[in-house]
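Values in this document were obtained by computation on a predicted structure and should not be read as measured data. Proteins get letters first, then strands, A, B, ... in listed order; numbering begins at 1 in each.
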Amino acid sequence: MANSCCAHSNCSPAVVCVDLRNKTFPVRDYDLGMTLSSGQAFRWRQEGETWVGVIHGRWVRLRPSASSIMAEVAQPVRDWNWLTEYLQLELDVNTVLASFPDDEPMQAATAACRGLRLLRQDPWECLASFILSSTKQILQIQQIITLLCQRYGPPVLAALGCPPAYAFPSPDRLATLSETELRACKMGFRAPFLLAAAREVAEGKLQLNALVKLPLNSARAELLGLAGVGRKISDCVLLFAYGQQAAFPVDVWVMKALRQLYFPRRKVSLPRLQEFAATHFGPHAGYAQQYLFHYARSQMKRTTPSTP
DNA sequence: GCCCAGGTGAAGC
DNA sequence: GCTTCACATGGG
């Protein structure tokens, strides 16, 4: 094998010159575009063949190919664990798919969403984002969060020639704002919920890091203590930020999918659907949920998502 | 104008 | 337990 990846012509041969701004990760069954645009994270921007975002305060540009994801950062890094963790690159998705129930709806959903993955996001960003998500379209959630980050997120270094980038504002920062300032970011009645959550976290009344160690039900109970956080938002955070794979958020799309695919022409209440989901989809139910969500959105867009 | 959006919580049966 | 409604805001 040739030596390392040095692109400079003037490096001393005695020094190992390593490119600390780029790294290529081999992947299989990973559709990056589908994953980043599937309504679990709201800060990714497509730029030609690439996806640009900020993870844990780091600007990053990702370029997917059939068998790899090439990552580029603005500041040199030696440890890429933050990225492999975020993208869950070490997960064997086939193990997850094999755990799904062998029924027709799941076969159709997995066939339609090949390569769809779950991310592992920062808990605060995820919680705040989903507090802002209620009765909003994904596009609008993205707009609100973009505004919030531009106004109150700390600037981060981006690659040359790229537009300015911002990290997600911390709970401490948001806790200093007024409800009026938050409403000015177009979040409407969600503003007091976000403000209260930011204060709870900033004051240490809610310790997001401590939820990592808790079992699903206890962690959920903690999140449900927040105003504006119900079963759906709590389960999104548990699934997308804490890796609680049994969490099963039921939104209007998943509800429609469940009713249409599993209970056609029957009236089934939301609690009954949740009970069904908790027992039917196995240990990676949340993963199955994401496939159903994406499948429903791509297949049923022409019909109304609300229930008849 | 009208309906809807990755909901929640309060109020009414 | 289940249903209805208000809550802001913008897109189709």
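Aromatic ring centroids of A:Phe276 and A:Phe248 lie 6.0 Å or more apart.
Among pairs with a residue in residues 61-78 of chain A, those fulfilling side-chain hydrogen bond (donor to acceptor under 3.5 Å, both in side chains) read A:Glu47-A:Arg61, A:Arg61-A:Glu72, A:Ser65-A:Ser68, at least two apart in sequence or across chains. Screening residues 105-132 of chain A for side-chain hydrogen bond (donor to acceptor under 3.5 Å, both in side chains) gives A:Asp102-A:Gln107 as the qualifying pairs, with residues at least two apart or on separate chains. Residues in residues 159-172 of chain A take part in no side-chain hydrogen bond (donor to acceptor under 3.5 Å, both in side chains) pair, two or more places apart or across chains.
Other residues sharing the hydrophobic cluster of A:Ile69, ordered by chain and number and joined by side-chain separations under 4.5 Å: A:Phe25, A:Val27, A:Tyr30, A:Leu32, A:Leu36, A:Trp44, A:Trp51, A:Ile55, A:Val60, A:Leu62, A:Val73, A:Val77, A:Trp80, A:Trp82, A:Leu83, A:Tyr86, A:Leu87, A:Leu89, A:Leu119.
Annotation: salt bridge (charged side-chain N to carboxylate O under 4.0 Å, His left out) contacts of A:Arg28 (sequence neighbours excluded): none. Partners of A:Ile138 according to the side-chain contact (heavy atoms from CB on, under 4.5 Å) rule, which considers only residues two or more places apart in sequence or in another chain, are A:Phe42, A:Gln142, A:Phe293, A:Arg297.
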Report all interatomic pairs (protein N or O, nucleotide N or O of nucleotides 9-11 of chain B) with separations under 3.5 Å.
{"unit_1": "B:dG9", "atom_1": "OP1", "unit_2": "A:Gly228", "atom_2": "N", "d": "3.1"}

Tabulate protein N/O versus nucleotide N/O from nucleotides 2-5 of chain C, keeping only pairs under 3.5 Å, one per line.
{"unit_1": "C:dC2", "atom_1": "OP1", "unit_2": "A:Ser269", "atom_2": "OG", "d": "2.8"}

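Although no hydrogens or angles enter the test, the distance criterion places a donor-acceptor pair under 3.5 Å between the side chain of A:Tyr287 and the main chain of A:Leu118. In this structure, the side chain of A:Thr50 does not engage the main chain of A:Gln46 through any donor-acceptor pair within 3.5 Å. Under a 3.5 Å cut-off, the side chain of A:Arg190 and the backbone N or O of A:Ser134 do form a donor-acceptor pair.
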Contact state string [nucleotides 7-12 of chain C, B base, S sugar-phosphate only, - no protein heavy atom under 4.0 Å]: BBBBS-
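By the 4.5 Å heavy-atom criterion applied to side chains, A:Arg58 and A:Val156 are not counted as neighbours.
To the nearest angstrom, P of B:dG7 lies 16 Å from CG of A:Leu194. The nearest whole Å value for the distance from the CD1 atom in A:Ile233 to the C1' atom in B:dG7 is 6 Å. Note: CZ (A:Arg220) to P (B:dT8) measures 12 Å, nearest angstrom.
B:dG6 has no base stacking with the ring of A:Trp253 when judged by centroids under 5.5 angstrom apart and an interplanar angle below 30°.
If you check every strand for non-hydrogen atoms under 4.0 Å, A:Gln290 touches a base.
A heavy atom lying under 4.0 Å from DNA chain B marks none of the residues of residues 117-129 of chain A. For the contact set between residues 236-251 of chain A and DNA chain B, defined by any heavy atom under 4.0 Å, the members are A:Phe240, A:Pro249, A:Asp251.
Rounded to whole Å, the P atom of C:dT3 lies 23 Å from the corresponding atom of B:dG6. C:dT4 sits 16 Å from B:dC3 when the P atoms are compared, rounded to a whole Å.
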Side chains of residues 216-223 of chain A: which donor-acceptor pairs under 3.5 Å do they make with residues two or more places apart or in other chains?
{"unit_1": "A:Asn217", "atom_1": "OD1", "unit_2": "A:Arg220", "atom_2": "NH1", "d": "3.1"}
{"unit_1": "A:Arg220", "atom_1": "NE", "unit_2": "A:Asp235", "atom_2": "OD1", "d": "2.8"}
{"unit_1": "A:Arg220", "atom_1": "NH2", "unit_2": "A:Asp235", "atom_2": "OD1", "d": "3.3"}
{"unit_1": "A:Arg220", "atom_1": "NH2", "unit_2": "A:Asp235", "atom_2": "OD2", "d": "3.1"}

